[in-house]
Amino acid sequence: MPALSAVPFLKPTHPQGPRNSPGRQRRHTLPASEFRCLSPEDAVSVFEIEREAFISVSGDCPLHLDEIRHFLTLCPELSLGWFEEGRLVAFIIGSLWDQDRLSQAALTLHEPRGTAVHIHVLAVHRTFRQQGKGSILMWRYLQYLRCLPRARRAVLMCEHFLVPFYEKCGFKALGPCQVTVGALAFTEMQHEVRGHAFMRRNSGC
């Protein structure tokens, strides 16, 4: 599993100034944030957040517990969790896809030779919603993808009411997605990701 703290823009922000300054002492009373890739050991916490977030809205989850473990075993480097004081508060899980558009197979497959990162799910714990955490986590995730050699674009499918949220994150709608889940229909969206070589020259990745 890669160490995300090695990437400059994923480092937690630490206070500046002398070790014993009042500002540093006050900052220690705030929750410590950590961003890192998830592991199969995180699967239950991930599923608990996802289940509460999605079942009440759509009646089902994008990923079930065995599927979460599946992706966190095959491609943990394509996940990102936000932890506060060791508690998971938000997460993204992705896998690689090797076709121009998503198909039904994309729901369960990880294609190691793919250059599209299929974002399966983004979810925030109910007590941390309406704080902008989903947008912040997505921004960090997209910046992280810019340092992965194979990643060229990020793709996802979402229900119509979520299109404005992902547009604000920089995604563009590609049109109706051919994937369906029960009676649900989705819009497919895409975000271009620059190549590894460009980012290495220009941002220190």
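Throughout, residue positions are numbered sequentially from 1 according to the sequence presented.
- A 4.5 Å side-chain heavy-atom check between S45 and F83 finds every atom pair outside the cut-off.
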Q: Test side-chain contact (heavy atoms from CB on, under 4.5 Å) on R146 and Q143 and set out the steps.
A: CA-CA 5 Å; R146 292 176 186 270; Q143 295 303 310; 3.5 Å; yes
Q: Applying side-chain contact (heavy atoms from CB on, under 4.5 Å), run through L122 and K133 and close with a yes or a no.
A: CA-CA 11 Å; L122 180 160; K133 280 184 164 54; over 6 Å; no
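- L174 and M189 fall into different hydrophobic clusters, where Ile, Leu, Val, Met, Phe, Trp and Tyr are joined by side-chain heavy atoms under 4.5 Å apart, directly or via other members.
- Checked for salt-bridge contact, E48 and R126 miss the test: no charged N lies under 4.0 Å from a carboxylate O.
- Using a 3.5 Å distance cut-off with no hydrogens or angles, the side chains of H160 and T187 do not pair a donor with an acceptor.
- V163 and I92 end up in the same hydrophobic cluster when Ile, Leu, Val, Met, Phe, Trp and Tyr side chains are linked at under 4.5 Å.
- The aromatic rings of F35 and W82 lie tilted to each other, with the angle between the two planes from 30° to 60°.
- Across all non-hydrogen atoms, the minimal contact from Y144 to C37 is OH-SG, 3.7 Å.
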**Q.** Evaluation steps, salt bridge (Lys or Arg N to Asp or Glu O under 4.0 Å), between E188 and K172
**A.** CA-CA 9 Å; E188 187 167 338; K172 295 182 179 180; over 6 Å; no
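- Taking 4.5 Å as the limit, every side-chain heavy atom of L38 sits out of range of all side-chain heavy atoms of P76.
- With contacts defined as side-chain heavy-atom distances shorter than 4.5 Å, the pair S79/Y141 does not qualify.
- L96 places a side-chain heavy atom less than 4.5 Å from the side chain of V117.
- When every heavy atom of V155 is checked against every heavy atom of A116, the shortest pair comes out as CG2-CB, 4.4 Å.
- Smallest separation of non-hydrogen atoms from H70 and T108: NE2-O, 3.3 Å.
- Counting only distance, with no hydrogens or angles, the side chain of E50 and the backbone of L63 share a donor-acceptor pair below 3.5 Å.
- Note that CG of L145 is 14.0 Å distant from CZ of R140, once rounded to the nearest 0.5 Å.
- Between F128 and H125, the two ring planes are perpendicular [angle over 60°; tilted spans 30° to 60°].
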Q: Could you walk me through whether H191 and C169 pass side-chain contact (heavy atoms from CB on, under 4.5 Å), step by step?
A: CA-CA 9 Å; H191 192 295; C169 293; 5.9 Å; no
Q.
Walk me through whether T115 and D98 qualify under side-chain contact (heavy atoms from CB on, under 4.5 Å).
A. CA-CA 6 Å; T115 58; D98 61 355; over 6 Å; no
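- Residues satisfying the ring-ring contact (aromatic ring centres under 6.0 Å, His included) criterion with F91, sequence neighbours excluded, are absent altogether.
- Taken from CD in Q131 to CD1 in I136, the straight-line distance is 9.0 Å, to the nearest 0.5 Å.
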(Q) Working note: R129 + E52, criterion salt bridge (Lys or Arg N to Asp or Glu O under 4.0 Å); need CA distance, chi angles, decisive distance, verdict. (A) CA-CA 12 Å; R129 291 177 197 150; E52 190 279 329; 2.4 Å; yes
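- Smallest separation of non-hydrogen atoms from T73 and P40: OG1-CG, 3.5 Å.
- The hydrophobic clustering, which links ILVMFWY residues whose side-chain heavy atoms are closer than 4.5 Å, places L65 and V121 together.
- With a 4.5 Å cut-off on side-chain heavy atoms, E34 and E84 do not count as touching.
- Nearest heavy atoms, P176 versus R101: O-NH2, 3.1 Å.
- Atom SG in C61 sits 7.5 Å away from atom CD1 in I68 (nearest 0.5 Å).
- L78 places a side-chain heavy atom less than 4.5 Å from the side chain of L148.
- Across every non-hydrogen atom of L109 and S95, the tightest pair is O-OG, 3.4 Å.
- Looking at L80 and L137, their side chains come closer than 4.5 Å, going by heavy atoms from C-beta outward.
- The side-chain hydrogen bond (donor to acceptor under 3.5 Å, both in side chains) with R153 is formed by just one residue from the set H118, E192, Q190; it is Q190.
- At least one side-chain heavy atom of T127 sits less than 4.5 Å from a side-chain heavy atom of R87.
- Between R36 and D42 there is a salt bridge, since a side-chain N of the basic residue sits under 4.0 Å from a carboxylate O of the acidic one.
- Placement of F54 and L88 within a single hydrophobic cluster is found when ILVMFWY residues are connected by side-chain heavy-atom separations under 4.5 Å, directly or transitively.
- Two different hydrophobic clusters hold I119 and L74 under the rule that ILVMFWY side chains link at heavy-atom gaps under 4.5 Å.
- Below 30°, between 30° and 60°, or above 60°: for F171 and Y166 the angle between ring planes is above 60°, a perpendicular geometry.
- Test H110, H120, H64 against F71 for ring-ring contact (aromatic ring centres under 6.0 Å, His included) and you get one pass: H120.
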